[in-house]
Amino acid sequence: MTTTYVLDHPEKGRIEYRDRKRYLWMSSLFMPLFPMLGIFLYFAFDTQWALAIPLLFSYFVIPLLDYVIGADENNPPEEIVPQLEEDRYYRLLTWFTIPMHFIVLIAIAWFVGTQPLTVWSVLVLAITAGSYSGLGINTAHELGHKKPEFERLLAKIVLAVPTYGHFCIEHNRGHHKDVATPEDPASSRMGESIYKFVLREIPGAFRRGWAVEKERLARQNKSVWSVHNDILQSFAISAVLQGGLIIAFGWIMLPFLALHNFWAWFQLTSANYIEHYGLLREKEASGRYERCQPHHSWNANYIFSNLVLFHLERHSDHHANPTRRYQSLRNFDGLPQLPNGYYGMYLLAYIPWLWYRVMDRRLLELPHIQGDLSKVNIDPDQRDAIVRKYGQQQTTAVPA
Amino acid sequence: MGKYRCPGCGYTFDEEQGDSHEGYAPGTTFESLPETFTCPDCAVRYKEDFEQVDAEAAR
């Protein structure tokens, strides 16, 4: 069974589009099996080594699959997008993943709390659970951008799993406004390692989210410390969920949940790090930044990791049309492209010298930059070193 | 009382209704919104980007 979208366009004639990924999107429903897979194999083969398999899959198999399966040729015509948006099938998939995030965290916590495990196994499980909850932030990202109140509520609920209730407010109203500027704590700068970035991104995001919510509530003549605070509502669910796990499974939950939460946040940090690295919007005469353009985001048009991430990697179209649903996001030629999918790029980011080696050149070669360092968002602490390294080459270059 | 629409995502600010979630009471004029106002739904478009919706055309 296939669904073909058809439109009789007054000028362009009959436009047809069939989404070849339509049923592949159902893989989101099976994603929870991956964090659980290690536990099944542990019981089947009675070895704690099995617990590492899901992480190996995320960080080694997914980048490999992106490399092997390659780019995604699917691209819905703009005229068909309204029909795709209306198709409720796609949004139901995102809704169904919400309970999975609660189930998986509770199941892994139960396993950690009741099985005789080594410290290493607990660490691996906390990171595995954190990775899956990081995907929960990705789903909250998809839902939190949508207009229906119900989907924003689901986003608030799923953000409670990794205790990151301020994300949607901070992201929609902060990051999307300030993206690719030095003012944005969620846009990384050239020469800034991910380990430096995380210390700016996590606290900066919380402060900005809280400030935006405080301002909104002040307009309603309400205190920021009220039950109407969307951030506090999500944190209240977190308190019940994670407090309940501590009561049920004891002190081991404290380090487990701390690492789980941190790793989920760090997944978001990783995505933020690679999505806008070094890119800079120009300031207009009015003092305002130019509107976010397609060349202000890095993209990765790989089939496999995009299926895992609800098309997050088609990032330029997302910033141009933030309320657009994942199935409608499009890829365009000539956009800044990452050399692998997000999971592969995360690994690269974790090794800063290798990241700079691959990305700095790629950044400076972008058509709108062409080596002009004034068009790059540079870490102020690294500016001198970067100018020495790349600025010289430009001034000494002899025109052909 | 008029309506103003975000040309990017279609969010519409209706002066008659305001936007209670955002804390703008019914009867808030678009003019009186802060200059820093960005579209509450997409945050891509600024206040000056908003287009007045023709009451006749919207009907």
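Throughout, protein chains are lettered first and strands after them, A, B, ... in sequence-line order, and every chain is numbered starting at 1.
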Got a sec: does the CD of B/Glu31 have more than 12 other heavy atoms crowding it under 6.0 Å?
no
Hey, does B/Val44 have a side-chain heavy atom less than 4.5 Å from the side chain of A/Cys292?
no
So A/His176 and B/Thr38, side-chain contact (heavy atoms from CB on, under 4.5 Å) or not? Walk me through it.
CA-CA 10 Å; A/His176 272 268; B/Thr38 49; over 6 Å; no
Test item: A/Lys147 and B/Cys9 side chains (from C-beta on) under 4.5 Å apart, heavy atoms
yes
Output the residues of residues 201-225 of chain A for which the shortest heavy-atom distance to chain B is under 4.5 Å, in residue-number order; output 'none' if no such residue exists.
A/Arg216, A/Arg219, A/Gln220
Taking the basic N atoms (NZ, or NE/NH1/NH2) and the acidic carboxylate oxygens, is any pair closer than 4.0 Å for A/Lys146 and B/Asp41?
no
Using a 4.5 Å cut-off on heavy atoms from C-beta on, say whether the side chain of A/Arg288 contacts that of B/Glu48.
yes
Does A/Lys177 have any salt bridge (Lys or Arg N to Asp or Glu O under 4.0 Å) partners at least two apart in sequence or in another chain, and if so, which?
none
Measure distances from A/His175 to the heavy atoms of chain B and classify the residue's part below 4.5 Å as side chain, backbone, both or neither.
neither
So for B/Tyr24, is it side chain, backbone, both, or neither that comes closer than 4.5 Å to the heavy atoms of chain A?
side chain
Looking at every non-hydrogen atom in both residues, tell me the closest pair between B/Tyr46 and A/Tyr289 and how far apart they are.
OH-O, 3.8 Å
May I ask you to check whether over 12 heavy atoms, not counting those of B/Glu16, lie within 6.0 Å of atom CD?
no
If I compare all heavy atoms of A/Pro322 with all of B/Cys42, which pair ends up nearest, and what's the gap?
CG-O, 3.5 Å
Determine whether A/Arg173 and B/Pro40 make a side-chain contact, defined as any pair of heavy atoms from C-beta on separated by less than 4.5 Å.
yes
Would you say CZ of A/Arg152 has more than 12 non-hydrogen atoms from neighbouring residues, nucleotides or ligands within 6.0 angstrom?
yes
